[in-house]
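In what follows, every heavy atom counts, from backbone to side chain, and hydrogens, waters and symmetry copies are set aside. Both counts, for ligands and for their atoms, begin at 1 and track the order of listing.
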Amino acid sequence: MDLEALLGSVSLFASLDRRAISGLARQASRRVYGPGESIVREGETGTALYVIVRGRVRVEHGSGPATAAVGELGPGDFFGELALIEDKPRSASVVAIEETECLLFVVWEFRALLKEHPQMALPIMNALIERLHRAER
Ligand code: CMP
């Protein structure tokens with residue numbers, strides 16, 4: 001699948017038109033993480049939003065023996081939006097379970113995108129609601 005088709009299939013970008021999607025494809029950088037590799041660390045400053053192209057990641061709180069898994073994400077899912085929206089440190093760590101490829105959007109790109117396309121707030125809200133329900137279960 002080419003990059004534009006892939007971006008168009010991600011819920012976060014579902015409301016964007018073709019022109020916006022091809023702009024996104026030019027901005028995104030791709031990175032591959034090995035199994036066990038840390039992608040985002042709890043407490044660090046957020047610099048990018050991540051969209052998973054392939055692979056799986058685990059979202060964790062805490063460190064060492066006190067580490068607790070709080071979720072798993074896969075292709076088409078995104079993470080790392082909270083620190084960029086709130087301007088606060090990363091709320092959790094994200095670790096690759098298997099080889100995982102992500103698209104990265106740097107903070108200013110994500111903020112500009114959200115300002116220009118405020119309807120992107122809807123899939124972000126849906127992801128937050130899903131996490132909240134999972135946490136309550
Ligand atoms: P951020 O706080 O920037 O960095 C860690 C990311 O993990 C966070 O943004 C969310 O995208 C994601 N995240 C945090 N908590 C959960 C959860 N319970 N389930 C799934 N993803 C989460």
A.B. asks: For Gly46, is the nearest heavy atom under 4.0 Å from an atom of ligand 1?
C.D. replies: no
A.B. asks: Within a strict 4.5 Å, meaning less than it, do heavy atoms of the Leu12 and Ile124 side chains meet?
C.D. replies: yes
A.B. asks: So do Glu42 and His61 actually touch side chain to side chain, heavy atoms under 4.5 Å?
C.D. replies: yes
A.B. asks: Looking at ligand 1, would Ala92 count as a contact under a 4.0 Å heavy-atom criterion?
C.D. replies: yes
A.B. asks: Heavy atom under 4.0 Å from ligand 1: found in Arg90's side chain, backbone, both, or neither?
C.D. replies: both
A.B. asks: What is the nearest protein non-hydrogen atom to atom 6 (C) of ligand 1, stated with its residue, atom name and distance?
C.D. replies: Gly80 N, 3.8 Å
A.B. asks: Check each of Phe79, Phe78, Phe110 against Tyr50 using the ring pair (Phe, Tyr, Trp, His ring centres under 6.0 Å) test, and report the only one that passes.
C.D. replies: Phe79
A.B. asks: Take Thr67 and Arg58 through the side chain to side chain contact (heavy atoms under 4.5 Å, CB included) test and state the conclusion after the steps.
C.D. replies: CA-CA 11 Å; Thr67 306; Arg58 190 172 52 246; over 6 Å; no
A.B. asks: Do any heavy atoms of His61 fall under 4.0 Å from ligand 1?
C.D. replies: no
A.B. asks: Is any NZ, NE, NH1 or NH2 atom of the basic residue among Glu99 and Arg54 found under 4.0 Å from an Asp or Glu carboxylate oxygen of the other?
C.D. replies: yes
A.B. asks: Can you name the atoms of ligand 1, numbered from 1 with element, that are less than 4.0 Å from a heavy atom of Arg134?
C.D. replies: 19 (N)
A.B. asks: Tell me the protein heavy atom at minimum distance from atom 16 (C) of ligand 1, and give that distance in Å.
C.D. replies: Arg131 CD, 3.5 Å
A.B. asks: Using side-chain heavy atoms (C-beta onward) and a distance below 4.5 Å, is Arg111 in contact with Asp87?
C.D. replies: yes
A.B. asks: Quick one, Glu37 with Val32, criterion side chain to side chain contact (heavy atoms under 4.5 Å, CB included). Give me CA distance, side-chain angles, the key distance, then yes/no.
C.D. replies: CA-CA 10 Å; Glu37 195 176 343; Val32 178; over 6 Å; no
A.B. asks: For atom 18 (N) of ligand 1, what's the nearest protein heavy-atom neighbour? Residue, atom name and distance, please.
C.D. replies: Val70 CG2, 3.6 Å
A.B. asks: To the nearest 0.5 Å, what is the distance between CD1 on Ile52 and CG on Leu103?
C.D. replies: 10.5 Å
A.B. asks: Please list the nearest protein heavy atom to atom 14 (C) of ligand 1 with its residue and the distance rounded to 0.1 Å.
C.D. replies: Ser91 OG, 3.8 Å
A.B. asks: Mind telling me whether Phe13 and Phe105 have parallel, tilted or perpendicular rings, with 30° and 60° as the class edges?
C.D. replies: perpendicular
A.B. asks: Number the atoms of ligand 1 from 1 as they appear, then name those within less than 4.0 Å of a heavy atom of Ala83, with their elements.
C.D. replies: 1 (P), 2 (O), 3 (O)
A.B. asks: Suppose I only count heavy atoms of Phe79 and a 4.0 Å limit; which atoms of ligand 1 are within that range?
C.D. replies: 11 (O)
A.B. asks: For atom 15 (N) of ligand 1, find the nearest protein heavy atom and state the residue, atom name and distance (0.1 Å precision).
C.D. replies: Val59 CG1, 4.0 Å
A.B. asks: Just going by heavy-atom distances, which of Glu72, Arg58, Glu81 is nearest to atom 11 (O) of ligand 1?
C.D. replies: Glu81
